[in-house]
Amino acid sequence: MRHLLEIDDLSVDELHRVLALAADLDPPQVLAGKGMALVFEKPSARTRNSMEMAVFQLGGHPVCIQAAEVGMDVRESVEDVTRTLASYHACIGARVFDHVTVERMAGQDVVPVVNMLSDAAHPLQALADVLTLTDELGGGSSETLAGRSIAYVGDGNNVFRSLALACGMLGVEVRFAGPPDYRLPAVDRDRLAAAGVLFTETDRVAEAVAGVDAVYTDVWTSMGQEAESARRHKDFEAFRVDEDLMEAAGPQALFLHCLPAHRGEEVTNGVVDGPASRVWPQAANRMHAARGLLAYLLGDGGAQ
Ligand code: CP
Ligand code: NVA
């Protein structure tokens with residue numbers, strides 16, 4: 001039984017294969033006559049819509065479920081919800097507060113479980129991000145991304161952890177620029193080092209972005225961290241991606257953001273709407289990436 005809780009649940013070869021499948025506009029109907037349950041403990045625009053459409057394009061039927069409807073660990077246990085949903089669906093996607101929840105779902109080993117964002121990881125976003133880099137810099141082949149570079153500015157969060165792993169798996173250099181208190185924990189740095197990722201961390205943001213192929217940022221306050229918002233605004237004030245920072249990066253640098261953007265906070269309007277921005281193709285790629293992943297997990301990859 002294959003699950004995708006973090007991007008490195010795929011091998012490097014499998015990541016290349018999923019990215020190739022994402023470009024297949026005549027996808028295998030691996031979900032024909034079947035369903036996929038999509039459980040959300042948090043709001044979503046891109047993830048829900050891209051997953052619903054990916055399931056549809058693979059011949060299946062998506063069923064979206066808000067956490068209160070099934071009452072995970074309230075009405076019944078996460079394990080019992082998982083076994084129930086697996087009685088009707090070929091696959092379960094879940095967006096959760098605590099990463100342990102998707103681990104408990106996958107631990108039932110009844111159908112493949114896909115992490116649609118947890119406090120620790122956002123692998124579907126990372127897939128779309130490297131698909132966007134492949135389109136923009138790799139001439140359509142992820143095999144050619146090695147040697148490229150990306151600078152992530154801001155919070156070392158779920159989006160950054162998955163992005164850094166995905167980029168590193170493809171040989172892309174990863175530079176982090178953020179306040180020292182918001183770096184990835186040592187366990188993640190060890191994981192990146194073990195995967196051979198060329199990875200540096202600094203709080204000197206202009207230095208970090210100089211010469212990179214892409215500058216990436218995400219919100220300063222993730223879903224579930226709202227109580228820390230005031231402190232985070234203060235801590236991240238020097239880490240806004242604005243026109244000056246994009247100029248320090250250089251004219252080759254693209255701008256990426258997983259969205260939703262908090263315009264005027266982590267990024268200015270001039271950058272999101274400016275010539276370097278690729279945030280809309282990046283958002284569109286969420287659907288292609290999701291379709292590629294499900295085609296692999298529910299097709300050939302399921303047997304690996
Ligand atoms: N990027 C992303 O996951 O967007 P949503 O929260 O809208 O799904
Ligand atoms: N880091 C953000 C990403 C939203 C897509 C969050 O977890 O809220």
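Start at 1 and go down the list; that is how both ligands and their atoms are numbered.
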Chemist: Please say whether more than 12 non-hydrogen atoms of neighbouring residues, nucleotides or ligands are located less than 6.0 Å from CZ in F97.
Modeler: yes
Chemist: Do R148 and L170 come within less than 4.5 Å of each other through their side chains, counting heavy atoms only?
Modeler: no
Chemist: Charged N to carboxylate O under 4.0 angstrom, R240 versus E237?
Modeler: yes
Chemist: With a 4.0 Å cut-off, would you call E52 and R48 a salt bridge?
Modeler: yes
Chemist: Among I65, V111, V113, which residue satisfies the side-chain contact (heavy atoms from CB on, under 4.5 Å) criterion with L85?
Modeler: I65
Chemist: Quick check for students: name every N or O atom pair between ligand 2 and the protein closer than 3.5 Å, with distances.
Modeler:
residue  : atom  : partner : partner atom : Å
ligand 2 : 1 (N) : N157    : ND2          : 3.4
ligand 2 : 1 (N) : N158    : OD1          : 2.9
ligand 2 : 1 (N) : D218    : OD2          : 2.7
ligand 2 : 1 (N) : S222    : OG           : 2.7
ligand 2 : 7 (O) : N158    : ND2          : 2.8
ligand 2 : 7 (O) : S222    : OG           : 3.4
ligand 2 : 8 (O) : M223    : N            : 2.8

Chemist: Could you list all the ring-ring contact (aromatic ring centres under 6.0 Å, His included) pairs where at least one residue sits in residues 254-291, not counting sequence neighbours?
Modeler: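 Qualifying pairs: none.
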Chemist: Any pair with a residue in residues 111-155 that passes ring-ring contact (aromatic ring centres under 6.0 Å, His included), sequence neighbours left out, goes on the list, sorted by first then second residue, please.
Modeler: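 As it turns out, the ring-ring contact (aromatic ring centres under 6.0 Å, His included) pairs with a partner in residues 111-155, which skip direct neighbours, are Y152-F160, Y152-Y216.
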Chemist: Identify, chain by chain and in numerical order, each protein residue with a heavy atom under 4.0 Å from an atom of ligand 1.
Modeler: S44, A45, R46, T47, R95, H122, Q125, C258, L259, R286
Chemist: State plainly whether the residues R232 and D155 are in salt-bridge range, i.e. N to O under 4.0 Å.
Modeler: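 Here R232 pairs with D155 in a salt bridge, since their nearest N and O are under 4.0 Å apart.
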Chemist: Between F236 and Y182, what is the ring plane arrangement, given parallel below 30°, perpendicular above 60°, and tilted in between?
Modeler: tilted
